[in-house]
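Following: one structure in structure tokens, then a few remarks.
Just so we're on the same page: letters track the sequence lines, and every chain starts at 1.
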There are 2 protein chains.
Amino acid sequence: MPEQIAKKELPACPVETTLTLIGDKWKVLILRDLLPGTKRFGELKKSIGSVSQKVLTAQLRDMEKNALVNRKVYPEVPPRVEYSLTELGQSLKPILDAMWNWGEEYKARNI
Amino acid sequence: MPEQIAKKELPACPVETTLTLIGDKWKVLILRDLLPGTKRFGELKKSIGSVSQKVLTAQLRDMEKNALVNRKVYPEVPPRVEYSLTELGQSLKPILDAMWNWGEEYKARNI
DNA sequence: TGCCATAGTTACCAGTTGGTAACTATTATG
DNA sequence: CATAATAGTTACCAACTGGTAACTATGGCA
């Protein structure tokens with residue numbers, strides 16, 4: 001059986017599974033900013049606020065590898081690269097929504 | 001106005017606000033394991049699976065400071081310390097639920 | 001008397017993460 | 001001819017994170 005495809009080794013607990021994919025501040029922020037729609041690299045960098053190019057690229061590569069994000073390169077000069085969420089990426093919206101709602105209520109209490 | 005109480009400096013974005021409180025793998029796992037109910041330190045350590053004493057204590061202290069977790073010490077020997085979620089901590093359940101559901105579906109797809 | 005148990009704390013060390021700055025390519029513009 | 005623009009990559013360094021192991025306290029038990 002030489003063609004055995006390695007199954008991803010996922011944790012038994014579903015919460016941990018989710019954490020392996022987006023258990024990371026940067027990825028959550030990328031999701032937040034891509035959920036409304038496609039963005040260019042530079043736009044994304046600006047909208048996230050304070051992230052270095054290095055880290056942003058690394059996180060995007062990671063999410064691309066995990067099929068959460070699409071990367072589309074336009075062969076222009078200067079280069080244009082557009083990032084968008086895959087369907088799988090979009091399917092994380094309920095988590096982001098829950099985080100949004102909780103944060104809102106938390107801030108409302110603390111005024 | 002000497003009694004001005006310092007307002008917590010929270011990010012404008014609610015998602016980021018949530019991240020400042022539980023944007024951390026360990027805290028999510030602690031929430032997961034305390035949502036069903038009170039646990040002693042040792043039980044929590046075991047149920048989380050692979051966390052060192054040092055890290056677990058640090059995270060619990062942090063969550064206690066942020067009023068997510070209650071710490072109750074019983075003056076016995078050997079000492080008994082019980083951890084439970086505050087109401088605020090419990091209110092994070094929808095986020096955990098969303099993460100649970102997503103993880104389940106993700107694993108189902110990848111079988 | 002000496003050891004066990006629990007819930008820590010601390011010092012030390014290793015690995016990971018993240019920032020900065022310099023470098024890349026290519027074409028349009030002044 | 002030099003510069004600007006975009007989306008990177010790379011090297012180097014600092015800071016943060018996390019693990020291990022040794023130490024703490026105290027009462028019960030052999």
Using atom types as modelled and distance alone, determine if a side-chain donor or acceptor of A:T86 lies under 3.5 Å from a backbone N or O of A:L68.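 Checking the backbone N and O of A:L68 against the side chain of A:T86, a donor-acceptor pair under 3.5 Å is found.
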
More 5' along DNA chain D: B:P78 or B:W26, using each one's nearest nucleotide? B:W26

What heavy-atom pair brings A:R40 and A:P79 nearest, and what distance separates the two atoms?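 That closest heavy-atom pairing would be NH2-O, 3.6 Å.
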
Whole-Å distance between [N] [atom2] and [X] [atom1]?
{"X": "B:K54", "N": "D:dT24", "atom1": "NZ", "atom2": "C1'", "value": "17 Å"}
{"X": "A:F41", "N": "D:dA5", "atom1": "CZ", "atom2": "C1'", "value": "14 Å"}
{"X": "A:R71", "N": "D:dT6", "atom1": "CZ", "atom2": "C1'", "value": "12 Å"}
{"X": "B:E43", "N": "C:dT6", "atom1": "CD", "atom2": "C1'", "value": "12 Å"}
{"X": "B:Q53", "N": "C:dA11", "atom1": "CD", "atom2": "P", "value": "16 Å"}
{"X": "B:D62", "N": "C:dG8", "atom1": "CG", "atom2": "P", "value": "15 Å"}
{"X": "B:E82", "N": "C:dA7", "atom1": "CD", "atom2": "P", "value": "9 Å"}
{"X": "B:L56", "N": "C:dT9", "atom1": "CG", "atom2": "P", "value": "11 Å"}

Any salt bridge between A:E43 and A:K45, counting N to O under 4.0 Å?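 No, A:E43 and A:K45 are not salt-bridged.
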
Is it the case that atom NZ in A:K107 sees more than 12 heavy atoms from other parts of the structure closer than 6.0 Å? yes

Under 4.0 angstrom, heavy atoms only, what part of the nucleic acid is B:Y83 near: base, sugar-phosphate, or nothing? sugar-phosphate

Name the closest nucleotide to the A:R61 side chain, picking from D:dT9, C:dG8, C:dG18. D:dT9

Closest approach to the side chain of B:R40, judged atom by atom: which nucleotide of D:dG18, C:dT20, C:dT6 is it?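 Nearest to the side chain of B:R40 among the choices is C:dT6.
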
